[in-house]
Amino acid sequence: MEAFLDTFFNGAVLARYAPSILQGVWVTVLLSVLIVVSGIVGGAALACLRAYRIRPLSALIVIYADMFRALPPLVLILLVFFGLPNLGILLSSSTVLYLILTLVLAAFAEEIVWAGITAVPKGQWEASRSTGLGFTQTLIWVILPQAVRLVIPPLTNRAIAITKMTALGMVIGVPDILGQATTAQSFSANASPLMLAAIAYVLLFLPLVIFSRWLETRFAAPGV
Amino acid sequence: MTQAAQEAVAPPTLVVRGLRKSFGSEEVLQGIDLTVARRELVFVLGPSGSGKSTMLRCCNRLEEPDAGEITLEGDPVTGPKVDVNQLRRRMGMVFQAFNLYPHLSALSNVTLALRKVRGLPRPEAEAMGLTALDRVGLKAKAASYPAHLSGGQQQRVAIARALALEPSVMLFDEPTSALDPELVGDVLAVMQDMKAQGMTMLVVSHEMKFARDAADRVIFMDAGRIVEQGTPEQIFETPHHERTQTFLARFSGRG
Ligand SMILES: Nc1ncnc2c1ncn2[C@@H]1O[C@H](COP(=O)(O)OP(=O)(O)OP(=O)(O)O)[C@@H](O)[C@H]1O
Ligand SMILES: [Mg+2]
């Protein structure tokens, strides 16, 4: 028991590294918020572009979405982080993590929102167009609000999954929760910082998971 | 000129000439000629698949006609340079399935086009929206969402949505076919009231009693053509064409 406590809850180690892990929390939160906002906005924008059914444009969007959904994000992160400098492009590890996870989330969000757009009945388009609204106006005011409501559950689940992937930043040295914790762990030769990281993740993400449950029930009711 | 004199020289509200439309190899409209005069209610009858909906939907170009010419108050509806959104604003359409926007309240359903197409500020749009809802007897339901309205109420909100734009003509595609029988009356009463107020209307429906009471002219369509037309009395009492007779015989139990 003592060994267990000493390994995972060593008071001295916890006290010493708590501040740096707290810094990591802010990095994780900031990255997550930026990734979720830009990823979902970007994905929804791509889905809207696809609604215009301009063949070459739609094809490009589909290729992009399929590529970024097929490739493991870690592969992309390593490829960009270690590849771009050879082309003379130097990006910080946080920037690379942000870019890749945003692109991955946007790819998933595009597919999810597109499914929502196609699920809105044709009669909605016709009713709106028959009152004189244009294609874009109909998309924005009539179709998209309904499409987004339909796909809120898968969209939140995907967003949560992506924010958890910020932990991948550790491999390229992003000072997020896990990055700080692994650094602390190697200096202290003790697992307590990792335990602290786990606790931080639970405190951050459990409310999000509960929130997504609430969203699902809230938007399950039709016509609200 | 007096108003009556102006109306006498004004072009008919809706003119359709030689309208043709095919889906694949099937020619659904085989040359439709139709004129709807100002304040006239033209009632369209015909068997399923005869092209009634397609004809209506060509009038506001929800379907693109293959050939033919359509004018609204003398303004071309068909043709490459036409601003179809501006024209649609002047033609209200009511659908069998209501097609209310489920994410918007009854009032917002009615005001959306007023704000986005006519560009009215919210307070003005809402005042007009409430007037339109009042005309269909649903001012009290302004804040309700479609899911909380009966089918009949939903269809009346849909009528208000079209009416609010002050259209020159209203197109109805089987407005009561999706309704429980006990809810049909309210919708027909609203339509009859619109007719009394002088609205020009083109109505596809199977409500024969409504046709007798409110229609100025009844048109019978079959296989993409207008087979016969006349006053309700002529069509219902002494139909000339055999296909009209067969069709009406099947409906004799109703209306
Ligand atoms: N978008 C479409 N694509 C292919 N065929 C269509 C389309 N719309 C209508 N049709 C066909 O055109 C024909 C006429 O259809 P339409 O809906 O105009 O008939 P209708 O007289 O309104 O019939 P109903 O009384 O059943 O509503 C039918 O054979 C139908 O299958
Ligand atoms: Mg029809």
Side-chain angles (χ1 to χ4, degrees), chain A residues 40-41 43-45 47-48 51-55 109 112-156 212 214-224, chain B residues 53 56-57 59-63 83-106 108-119 132 144-149 154-155 157-167 169-173 178:
Chain A
I40 288 181
V41 169
C48 286
Y52 289 84
R53 296 183 195 272
I54 303 165
R55 278 276 176 80
I112 293 170
V113 174
W114 175 248
I117 288 176
T118 54
V120 175
K122 199 160 151 264
Q124 293 290 310
W125 284 96
E126 295 183 343
S128 172
R129 296 305 303 273
S130 78
T131 58
L133 271 83
F135 184 92
T136 306
Q137 286 180 316
T138 300
L139 188 59
I140 293 173
W141 301 108
V142 177
I143 306 302
L144 202 56
Q146 296 183 55
V148 168
R149 273 171 175 76
L150 285 172
V151 300
I152 283 219
L155 212 49
T156 17
S212 79
W214 176 81
L215 272 182
E216 278 177 41
T217 48
R218 165 82 167 70
F219 285 98
V224 183
Chain B
S53 297
L56 223 50
R57 293 157 57 83
C59 288
N60 68 354
R61 286 179 58 189
L62 280 183
E63 298 292 353
D83 181 347
V84 75
N85 293 331
Q86 281 307 313
L87 274 161
R88 282 179 179 154
R89 208 185 98 171
R90 292 160 57 194
M91 289 192 248
M93 185 172 241
V94 176
F95 302 85
Q96 180 174 350
F98 328 138
N99 298 347
L100 287 185
Y101 313 132
H103 62 297
L104 298 177
S105 68
S108 298
N109 263 273
V110 177
T111 56
L112 184 68
L114 289 172
R115 294 177 53 209
K116 303 301 170 194
V117 183
R118 286 189 51 177
S144 300
Y145 282 83
H148 300 137
L149 297 172
Q154 288 189 51
Q155 191 59 299
V157 172
I159 292 174
R161 174 171 70 185
L163 214 47
L165 290 161
E166 301 173 321
V169 61
M170 289 273 292
L171 312 170
F172 291 84
D173 193 359

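Order of the sequence lines sets the chain letters (A, B, ...), proteins ahead of strands, with each chain counted from 1.
- Shown here for Val113(A) and Ala47(A), the closest heavy-atom pair between the two residues is CG1-CB, 3.7 Å.
- Of the two parts of Leu87(B), neither the backbone nor the side chain holds a non-hydrogen atom closer than 4.5 Å to a non-hydrogen atom of chain A.
- For the pair Ser128(A) and Tyr101(B), the minimum side-chain heavy-atom distance is below 4.5 Å.
- At a cut-off of 3.5 Å, with distance as the only test, no side-chain donor of Thr156(A) or Ser212(A) sits close to an acceptor on the other residue.
- The interface of residues 157-165 of chain B with chain A, defined by heavy-atom distances below 4.5 Å, comprises Arg161(B), Leu165(B).
- Sorted by first and then second residue, the pairs that involve residues 110-119 of chain B and meet salt bridge (charged side-chain N to carboxylate O under 4.0 Å, His left out), not counting sequence neighbours, are Arg118(B)-Glu166(B).
- Judged by distance alone, the side chains of Asn60(B) and Ser130(A) never bring a donor and an acceptor atom under 3.5 Å apart.
- Tyr52(A) pairs by the ring pair (Phe, Tyr, Trp, His ring centres under 6.0 Å) definition with Phe135(A), not counting sequence neighbours.
- Interface remark: Glu126(A) contributes backbone and side-chain atoms alike to the contact with chain B (heavy atom separation under 4.5 Å).
- For the residue pair Leu139(A) and Trp125(A), the shortest heavy atom distance occurs at CD1-CH2, 3.8 Å.
- Among the candidates Arg61(B), Arg57(B), Met93(B), Gln86(B), the residue making the largest number of heavy-atom pairs closer than 4.5 Å to chain A is Arg57(B).
- Residues of residues 115-123 of chain A lying within less than 4.5 angstrom of chain B, judged on heavy atoms, are Lys122(A), Gly123(A) in numerical order.
- Nearest heavy atom pair, residue Gln96(B) against residue Gln155(B), reads O-NE2, 4.0 Å.
- Side-chain contact between Phe98(B) and Asn109(B) is absent, with no heavy atoms from C-beta onward closer than 4.5 Å.
- No side-chain heavy atom of Val169(B) sits under 4.5 Å from any side-chain heavy atom of Arg90(B).
- Residues Gln137(A) and Gly132(A) share a closest heavy-atom pair of OE1-O, 4.3 Å.
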